[in-house]
K.L.:
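Before anything else, here's the structure in question.
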Number of protein chains: 2
Amino acid sequence: MVSIKDVAAQAGVSVATVSRVLNSHPSVSPDARGRVLAAVDALGYRPNAVARSLRTDQTRTLGLVISDVLNPYFTELARFVEEEARAHGYSVIIGNADERPELQDHHVRTLLDRRIDGLLVSPADGGTPLMLDVARSGTPMVLVDRWIPGLDVPVVRADGRDAIRDLVAHLHGLGHRRLAIIAGPAATTTGNERVEAFREALSAHGLALPDAYIGQGDFQADSGRRATEGFLALPEPPEVVFAADNLMALGALDAIRARGLRVPRDIGLAAFDDIPWFVHTDPPVTAIAQPTGELGRAAVRALVDLIEGRSPRSVTLPARLVVRSSCGEHASNRRSNL
Amino acid sequence: MVSIKDVAAQAGVSVATVSRVLNSHPSVSPDARGRVLAAVDALGYRPNAVARSLRTDQTRTLGLVISDVLNPYFTELARFVEEEARAHGYSVIIGNADERPELQDHHVRTLLDRRIDGLLVSPADGGTPLMLDVARSGTPMVLVDRWIPGLDVPVVRADGRDAIRDLVAHLHGLGHRRLAIIAGPAATTTGNERVEAFREALSAHGLALPDAYIGQGDFQADSGRRATEGFLALPEPPEVVFAADNLMALGALDAIRARGLRVPRDIGLAAFDDIPWFVHTDPPVTAIAQPTGELGRAAVRALVDLIEGRSPRSVTLPARLVVRSSCGEHASNRRSNL
DNA sequence: CTGAAAGCGCTTACAG
DNA sequence: CTGAAAGCGCTTACAG
């Protein structure tokens, strides 16, 4: 590998001068600059980012630890995060926790060892000891989507409360009364909140949320499958199942189909997180859409603020209900919705 | 940040000794080891990976540049790559090219600047000058999914030829004769090959592939939409459209639905790449499945071989046809397929 | 405007 | 078994 020394030799200047032109420091003579640039070009020199990081104590890199790459919601989030980071001159390294706290911690540790400048995480649970340490250590950190109660760290997330209320109103209007939910892990805020918001919305309509109608999931497809099988085996199964994320909705569809039942004729289905495929599923799935792009961008902006010494505030954006036909339709609405 | 010096001071040994116990070098007295470990623990010391990399000239990091993170096929590939890399003691940094050669090059350059130990890429086109340079420079590199003609670099990919032949036989058996394809970019090998395999399979049945039945796509949804609109506007539209990846199939479904048409009644649809949602689309989509997990694992193994001085060979794995109902069904088959 | 020198945090021959 | 020292490739006061 050609190093700064080679460039200096070729240009007939010191490495200090080479470094200055590379970092566009003002005090370099046009002549020296020209010779350096020519040498860089001739040699195909590229500065060693590792050495530079060691010296400057900054890597211009952000770490992003997401709960599950296979979840299209997080994939999309990751894409926007990278895009915004790039616009600010940062690269991002993604770690996939697969919804497992130990794997999350493994990635956090690796990222810290690499001395990333800041950390973006959607915690896989309520806060491992490591996560608490990191927060206390002063490493710039921002939480996305999910947060850790009691941690004084900026949080960028969507609030699904209103959308869930709209969903329940929609279901109630359709005549459904037995409504069930497949929840995420109780240790995650999104796991809890969605259940609580659902429960409150139900009670506003005088409906209860019995324990049997709360399926315990982990945000992955298999758990949606199992929870749905549980519901279907009940003496009085729910009329509609609300899956707290899109993968559990996929699992629910699997289970319903395996039983030979049809949506929405035999049972309705709705999901948190909207994805392009929901338009083409059989039937199209009613879902709650998050402003994913905005979330990703806001999270990066908050983290960069933190890194550069400013004090960002938490950001909460509204989610919104997208009605399709998976919960049944009003007679008057038939054929009106694509 | 606590450094190796702090640990040495606390343990009452030299930094050399600390380094030795950290790297489990044999010649360290049990006593010294004990004191170092205690100091590491007390101080919460974590070695600085940046400094270590600079010194050892290895980062234990692999770069993975994929064509499009939003494509579930590549997301899955990335997940398996990370898993296998972790098993070999490597981290991976993912770069998303969004099917754009300049963005791909940006990531390759960044990755090289970070001195990753090896590069895994599914090229966004036929080979930018940078890619050719990298290959020639001797940087350990393995191509996945797509490759660059004329480049002497190991390639790990699936061969869809047989599966495409099976698909065409299936379509022919169903009575379809006017078969169209939405191709990927001509500059990609997967873009070309799938068209050529399709054309050959057609000719084996005495069918031609007219230019009007070749839609030019770019592996992303929008292009599938546009190509399908083109097909539907033809005086004699095709009976079946074969999309060369799952995102273009999504676009095709959008276009078909927007026209008020139904699959497979009005037009059939098949796709390269199988994804979980295809089971639940309306109708379930006949697709060609790649052995994604095996591809990801084999690619990492090949790259690690290269890095460690062994000489891996290219790997080609078969893809396979998964018949569902999006192309119509034999009368005898009705109701037999879930 | 320029260069010599120190130093970032490690690892690793070398000498003892 | 252990430590002093060199060096990886940079950047940046400091002096001129």
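What you see is a predicted model; the values in this text were computed from it and never measured. First the proteins, then the strands, lettered A, B, ... as listed; each starts at 1.
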K.L.:
One thing to verify: whether E82(B) and R79(B) come together as a salt bridge, which I'm taking to mean a side-chain N less than 4.0 angstrom from a carboxylate O.
P.N.:
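Looking at R79(B) and E82(B), the cut-off is not met.
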
K.L.:
Quick one: do the H106(B) and E102(B) side chains pair a donor with an acceptor below 3.5 Å?
P.N.:
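On atom types as modelled, these side chains do not qualify, holding no pair under 3.5 Å.
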
K.L.:
Can you give me the N/O atom pairs linking the protein to nucleotides 13-16 of chain C at distances under 3.5 Å, or say none if there are none?
P.N.:
residue : atom : partner : partner atom : Å
dA13(C) : N6   : R20(B)  : NH2          : 3.2

K.L.:
Quick check for you: to the nearest 0.5 Å, what is the distance between L54(A) atom CG and L54(B) atom CG?
P.N.:
6.0 Å

K.L.:
Can you tell me how far P of dT12(D) sits from NE2 of H25(A), to the nearest Å?
P.N.:
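Rounding to the nearest Å, NE2 of H25(A) and P of dT12(D) are 9 Å apart.
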
K.L.:
With both distances under 3.5 angstrom, what nucleotide forms a Watson-Crick or G-U wobble pair with dC14(D)?
P.N.:
dG3(C)

K.L.:
Please list, for nucleotides 6-10 of chain D, all pairs of protein and nucleotide N/O atoms separated by less than 3.5 Å.
P.N.:
residue : atom : partner : partner atom : Å
dG7(D)  : N2   : R55(B)  : NH1          : 3.2
dG9(D)  : N2   : A51(A)  : O            : 3.4
dC10(D) : OP1  : Y45(A)  : OH           : 2.7
dC10(D) : OP1  : N48(A)  : N            : 3.2
dC10(D) : OP2  : I4(A)   : N            : 2.7
dC10(D) : OP2  : Y45(A)  : OH           : 3.4
dC10(D) : O5'  : Y45(A)  : OH           : 3.1

K.L.:
Checking contacts here: which listed nucleotide (dC1(D), dT2(C), dA4(D)) is nearest the side-chain heavy atoms of S27(A)?
P.N.:
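Among the listed nucleotides, the one closest to the side chain of S27(A) is dT2(C).
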
K.L.:
Please tell me if T17(A) has a side-chain N or O lying less than 4.0 Å from either OP1 or OP2 of dG3(C).
P.N.:
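Affirmative; the distance criterion is met.
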
K.L.:
Can you spot which of T59(B), T139(B), T61(B) makes a side chain to side chain donor-acceptor pair (under 3.5 Å) with D117(B)?
P.N.:
T59(B)

K.L.:
Give a yes/no on whether any side-chain N or O of S14(B) is located under 4.0 angstrom from OP1 or OP2 of dG3(D).
P.N.:
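It does, given that an N or O in the side chain of S14(B) lies less than 4.0 Å from OP1 or OP2 of dG3(D).
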
K.L.:
Looking at R109(B) and D113(B), is any side-chain nitrogen of the basic one under 4.0 Å from a carboxylate oxygen of the acidic one?
P.N.:
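Looking at R109(B) together with D113(B), the answer is no, because their closest N to O distance does not fall below 4.0 Å.
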
K.L.:
Going from CG on L247(A) to CD on E99(A), what distance comes out if it is rounded to the nearest 0.5 angstrom?
P.N.:
8.5 Å

K.L.:
Determine whether a donor-acceptor pair (N or O, by modelled atom type, separation under 3.5 Å) exists between the side chain of N96(A) and the backbone of V69(A).
P.N.:
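Yes, because the side chain of N96(A) sits within donor-acceptor range (under 3.5 Å) of the backbone of V69(A).
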
K.L.:
Write down the atom of A8(A), the atom of S14(A), and the distance for their closest heavy-atom approach.
P.N.:
CB-C, 3.8 Å

